[in-house]
Amino acid sequence: MRRRDRRRQETIDDIKDTARNQLADAGPAGISMRAIARHLAMTASAVHYYFPSRQALLDALVVDGFTSLAEALRTTYEGAAPRPPDEQWLAVCQAHRAWALDHQAEYLLLYGHDGACAVKQRNPQVDQAFSSVVNVLFSIMRRAVAAGEIDTERIEAAIPASLRRQLATWRDEDDGGGDLPDGALAACMITYAQLHGAITLELLGHVPPPLADYSALFDLEMVHAYAALCRPPFT
């Protein structure tokens with residue numbers, strides 16, 4: 001990397017790091033381009049040279065966050081490859097929770113209002129980074145279906161026609177789950193919602209105080225979330 005390019009990357013990293021500090025202190029609303037400029041002894045126009053708008057900076061943080069999370073999940077998934085799908089699922093869920101606890105402000109950015117807006121805007125970089133996280137879940141589900149563990153027929157029987165059409169549209173987008181049947185796609189969303197619901201409740205302090213062993217509670221929730229999708233008997 002040339003010296004000029006290296007200095008440019010260092011400036012971009014400094015801006016992002018300052019924004020992350022603001023994020024940790026006051027959430028997404030606390031990210032201020034002017035405050036970043038003051039902190040780095042830059043002019044506001046100089047910060048805008050690297051990030052034309054506050055949304056562009058938020059998008060960059062979202063991309064970095066999803067990319068980091070995806071790397072953690074993929075590493076765990078590949079490390080658990082010799083194990084059966086249910087054990088892979090639990091290991092990846094535990095890695096997801098660990099990343100969230102280590103990056104609480106970033107996790108709430110990714111799965112809060114601002115992160116959702118960034119995904120919905122279909123920014124190609126954001127979309128690709130988000131898909132890299134979801135694709136790990138698809139990989140686990142694909143193995144579970146191949147092993148005959150997921151009761152796709154029972155799940156499909158409960159899917160109303162309107163939702164079935166939406167699942168077909170999702171599958172046609174071919175973002176990693178294109179070969180999964182309706183029941184498996186629905187199972188992905190069921191477990192995805194339970195995974196993020198459990199993590200978000202913990203991060204926001206909504207778990208009943210007597211349930212202080214969060215790790216044990218989380219593992220129990222994830223084991224049962226997976227088992228509920230399986231063909232009986234499953235232990």
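Numbers for residues simply follow the sequence, beginning at 1. All values below were derived from every heavy atom in this structure, side-chain atoms included, with hydrogens, water molecules and symmetry-related copies excluded.
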inquiry  = Donor-acceptor pair, distance only, cut-off 3.5 Å: does the side chain of Asp127 make one with the backbone of Asn123?
reply    = no
ask   = Is there side-chain contact between Arg3 and Arg6, with at least one heavy-atom pair below 4.5 Å?
value = yes
inquiry  = Do Leu61 and Glu106 have side chains that approach each other closer than 4.5 Å (heavy atoms only, starting at C-beta)?
reply    = no
query = Side-chain heavy atoms under 4.5 angstrom apart, residues restricted to Ile, Leu, Val, Met, Phe, Trp, Tyr: same cluster for Val145 and Ile155?
reply = yes
message = Are Glu202 and Leu101 packed together at the side-chain level, in the sense that at least one heavy-atom pair is separated by less than 4.5 angstrom?
response = yes
ask   = Quick one: do the Asp59 and Gln55 side chains pair a donor with an acceptor below 3.5 Å?
value = yes
key: Within 6.0 Å of CZ in Arg8, more than 12 heavy atoms from elsewhere   = no
query = Taking the side chain from Thr11 and the backbone from Arg7, do they hold a donor-acceptor pair closer than 3.5 Å?
reply = yes
query = Is there a donor-acceptor contact under 3.5 Å from the side chain of Arg143 to the main chain of Ala81?
reply = yes
Stepwise side chain to side chain contact (heavy atoms under 4.5 Å, CB included) test for Arg231 and Glu153 = CA-CA 10 Å; Arg231 305 177 191 277; Glu153 294 84 359; 2.9 Å; yes
ask   = Within a strict 4.5 Å, meaning less than it, do heavy atoms of the Leu180 and Cys188 side chains meet?
value = yes
query = Below 4.5 Å, heavy atoms only, C-beta onward: do Asp151 and Leu229 meet side chain to side chain?
reply = no
query = So, for Ala91 and Arg83, which heavy atoms are closest and what is the spacing to 0.1 Å?
reply = CB-NH2, 4.0 Å
ask   = Hey, is the main chain of Asp182 close enough, under 3.5 Å, to the side chain of Arg164 for a donor-acceptor pair?
value = no
message = Would a single hydrophobic cluster contain both Met189 and Phe130, if residues Ile, Leu, Val, Met, Phe, Trp and Tyr are joined by side-chain heavy-atom contacts under 4.5 Å?
response = yes
remark   = One should read off an interatomic distance between Met141 CE and Asn135 CG, to the nearest 0.5 angstrom, of 13.5 Å
query = From Leu57 CG over to Ile31 CD1, what is the distance, rounded to the nearest 0.5 angstrom?
reply = 6.0 Å
key: Verify same cluster id: Leu211, Leu201 (apolar side-chain graph, 4.5 Å)   = yes
query = So, the side chain of Asp213 versus the backbone of Ala216: is there a donor-acceptor pair under 3.5 Å, distance only?
reply = yes
inquiry  = Any heavy-atom pair between the side chains of Phe218 and Ile199 that's under 4.5 Å?
reply    = yes
ask   = Hey, are Arg171 and Asp179 close enough for a salt bridge, meaning a charged N less than 4.0 Å from a carboxylate O?
value = no
query = Between Arg20 and Asp17, is there a side-chain N and carboxylate O pair less than 4.0 Å apart?
reply = yes
ask   = Ser215 and Arg97: side-chain donor and acceptor closer than 3.5 Å?
value = yes
ask   = Does a donor on one side chain sit under 3.5 Å from an acceptor on the other, for Thr191 and Trp89?
value = no
query = Any chance CD of Gln125 has more than 12 other-residue heavy atoms, nucleotides or ligands included, within less than 6.0 Å?
reply = no
Taking every non-hydrogen atom, the tightest pair across Gln22 and Ala35 = NE2-CB, 3.3 Å
inquiry  = Thr67 vs Ser132, test: side chain to side chain contact (heavy atoms under 4.5 Å, CB included). Steps then yes/no.
reply    = CA-CA 7 Å; Thr67 300; Ser132 65; 5.5 Å; no
key: Spatial distance of atom CD (Gln194) from atom SG (Cys93) [nearest 0.5 Å]   = 9.5 Å
request  = Report yes if some heavy atom in the side chain of Ser139 is under 4.5 Å from a heavy atom in the side chain of Arg74; otherwise report no.
outcome  = yes
task = Search all heavy atoms of Pro85 against all heavy atoms of Ile140 and return the closest pair with its distance.
result = O-CG2, 4.0 Å
request  = Flag the pair Arg2 and Asp5 as a salt bridge only when some basic side-chain nitrogen lies within less than 4.0 angstrom of an acidic carboxylate oxygen.
outcome  = yes
query = Could you state the interatomic distance from CG (Leu204) to CG (Leu108), rounded to the nearest 0.5 Å?
reply = 5.5 Å
ask   = Looking at CG of Leu137 and CG of Leu73, how far apart are the two atoms once the value is rounded to the nearest 0.5 Å?
value = 9.5 Å
query = Is Leu203 reachable from Val133 through a run of hydrophobic residues whose side-chain heavy atoms are each under 4.5 Å from the next?
reply = yes
message = Testing the basics here: between Ala72 and Ala95, what is the closest heavy-atom pair and its distance to 0.1 Å?
response = O-CB, 4.4 Å
message = Surrounding CD of Glu87 (heavy atoms of other residues, nucleotides or ligands, distance under 6.0 Å), is the total greater than 12?
response = yes
key: Asp13 vs Gln9, side chain to side chain contact (heavy atoms under 4.5 Å, CB included): CA-CA, chis, key distance, verdict   = CA-CA 6 Å; Asp13 291 342; Gln9 187 59 53; 3.0 Å; yes
ask   = Which heavy atom of Ala198 sits nearest a heavy atom of Met222, and at what distance?
value = CB-CE, 4.0 Å
request  = Identify whether Tyr192 and Val136 are in the same connected component of the hydrophobic contact network (ILVMFWY, side-chain heavy atoms under 4.5 Å).
outcome  = yes
inquiry  = Treating Thr200 as the side-chain partner and Gly197 as the backbone partner, does any N or O pair qualify as donor plus acceptor under 3.5 Å?
reply    = no
message = Test your reading of the model: is there a side-chain donor-acceptor pair from Glu156 to the backbone of Gly183, 3.5 Å cut-off?
response = yes
task = Answer yes or no: is there a side-chain heavy-atom contact under 4.5 Å between Thr43 and Tyr49?
result = no
task = Mind listing the closest non-hydrogen atom pair of Ala60 and Lys16 along with its distance?
result = CB-CE, 3.9 Å
task = Taking the six-membered ring for Trp and the single ring otherwise, decide whether the centroids of Trp99 and Tyr111 are under 6.0 Å apart.
result = no
ask   = Could you give the distance from CG (Leu110) to NE2 (His196), rounded to the nearest 0.5 Å?
value = 9.5 Å
key: Between Tyr107 and Phe66, ring centroids under 6.0 Å   = no
